[in-house]
Amino acid sequence: AKNAGKGRIAVFDRSMHADVVERMELENQLRRAVELESFELNYQPIVNLRDASIMGIEVLMRWKNEQGVYISPSDFIPMAEEIGLIGKVGEWAIEHAMNAFNDVVSRLPAGSHQDLYMGVNASRRQLSDPFFVERLNQIIDRTGFERQRLKLEVNESYDPRHREQAVQTMLSLHRTGVGIQIDDFGKGQSSLTCFQSYPIEAVKIDRSFTAAIATDHSHAVITQAIVQLAHQLGSRIVAEGVESKEQLAALRRWGCDAVQGYYFSQPLSVDRLYELLADPMQS
Ligand code: C2E
Ligand code: CA
Ligand code: CA
Ligand code: CA
């Protein structure tokens, strides 16, 4: 038994070592990817439930590593935060998305999609950087992006130590016309205190929550309450991860404003986004 115990420990050590090596290798690849700017961006439409028009798009980052494997942003964004590269990665995404968006809009019929907005995710580390606003303003100046089209998607999970700075960032962005949207609402321990700290233009219901609304009574009841709460506080409500017509029908019945998810569209390349927006049914 003692030997088996030792053996297990030895095996455990080896596999732990392998994990550490693998992770360091991935971190190094991520550092190189930042230098080489080897990321891609996808754009997922957000559909207005009132008239089925595309009211916005969300920018989603993609990274294909040196082995040609796609690494999920849910994995490499936290990694970029840990190794201090989130500022660079996030700002690369914002600047490229703004240029791509400008390009798409300039090719569309003049005057169409005037209210189309672009949602960009900002992680907690980005928001707690006291120079974030300044650098964002520089990017907006460089790209000539129309500021009122920008929506920042933030979630409430930032470290309490950085909360004060993050709130200052959001207030300052709001003052200059950038909309603040709460991401992943209903996931983990979301709290309602966000409604008291800064103006929230829209609340995005997390996709794990959307997944249960058509089949689970308590999720249905809570979603209806969230829609009412958001509306009474002057926020719009967007459901993420809508995959079925049952979910769509329920959300429409409950007065949800907009939806995003595979039911309408996957995240698209910039060319596919252009084709979709250029479709006369959409203008
Ligand atoms: P998120 O902000 O909650 O983005 C929505 C995620 O749901 C995306 O995953 C999207 O591809 C996925 N999704 C959309 N519709 C459906 C659906 O109908 N069903 C299912 N199952 N999934 C759907 P993705 O692209 O893997 O991104 C994961 C997370 O990574 C994002 O979650 C966001 O928090 C983060 N992220 C992505 N791009 C960026 C970025 O440029 N900056 C920062 N800071 N974070 C980013
Ligand atoms: Ca988001
Ligand atoms: Ca989300
Ligand atoms: Ca998120």
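One-based numbering, in listed order, for ligands and for the atoms of each. Values below: every heavy atom of this structure, side chains too, minus hydrogens, waters and symmetry copies.
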Restricting to N/O/S atoms, is D206 within less than 3.0 Å of the Ca ion (ligand 3) or not? no

Please work out, at 4.0 Å between heavy atoms, whether the side chain, the backbone, both, or neither of I77 comes within that distance of ligand 1. side chain

For Y70, enumerate each residue passing the side chain to side chain contact (heavy atoms under 4.5 Å, CB included) test, keeping only those at least two apart in sequence or located in another chain. E40, R62, K64

Part of K204 within contact of ligand 1 (heavy atoms, under 4.0 Å): neither

Nearest to the Ca ion (ligand 2) - the N/O/S atom of E58, by atom name: OE2

Under 3.5 Å, is there a donor-acceptor pair between the side chain of Q126 and the main chain of S123? yes

Rounded to the nearest 0.5 Å, the CE atom of M118 sits from the CZ atom of F101 at a distance of 6.5 Å

Is the terminal nitrogen or CZ of K204 (NZ for Lys, CZ for Arg) located under 6.0 angstrom from the six-membered ring centre of F185 and within 45° of that ring's axis? no

Nearest to the Ca ion (ligand 2) - the N/O/S atom of D183, by atom name: OD2

Is R50 atom CZ crowded by more than 12 heavy atoms from other residues, nucleotides or ligands, each under 6.0 Å away? no

Ring-ring centroid check F209 H219, cutoff 6.0 Å: yes

Just let me know how Q260 lines up against ligand 1, side chain, backbone, both or neither, with a heavy-atom cut-off below 4.0 Å. neither

Where's the contact between D183 and ligand 1, heavy-atom distance under 4.0 Å: side chain, backbone, both or neither? side chain

Linking directly or through intermediates, with side-chain heavy atoms under 4.5 Å: list the remaining ILVMFWY members grouped with W254, chain and number order. V47, L49, I213, V242, L248, L251, V259, Y263, F264

Output yes if E153 passes the N/O/S-under-3.0 Å test against the Ca ion (ligand 3); output no otherwise. no

Would N121 count as a contact for the Ca ion (ligand 2), in the sense that one of its N, O or S atoms lies under 3.0 Å from it? yes

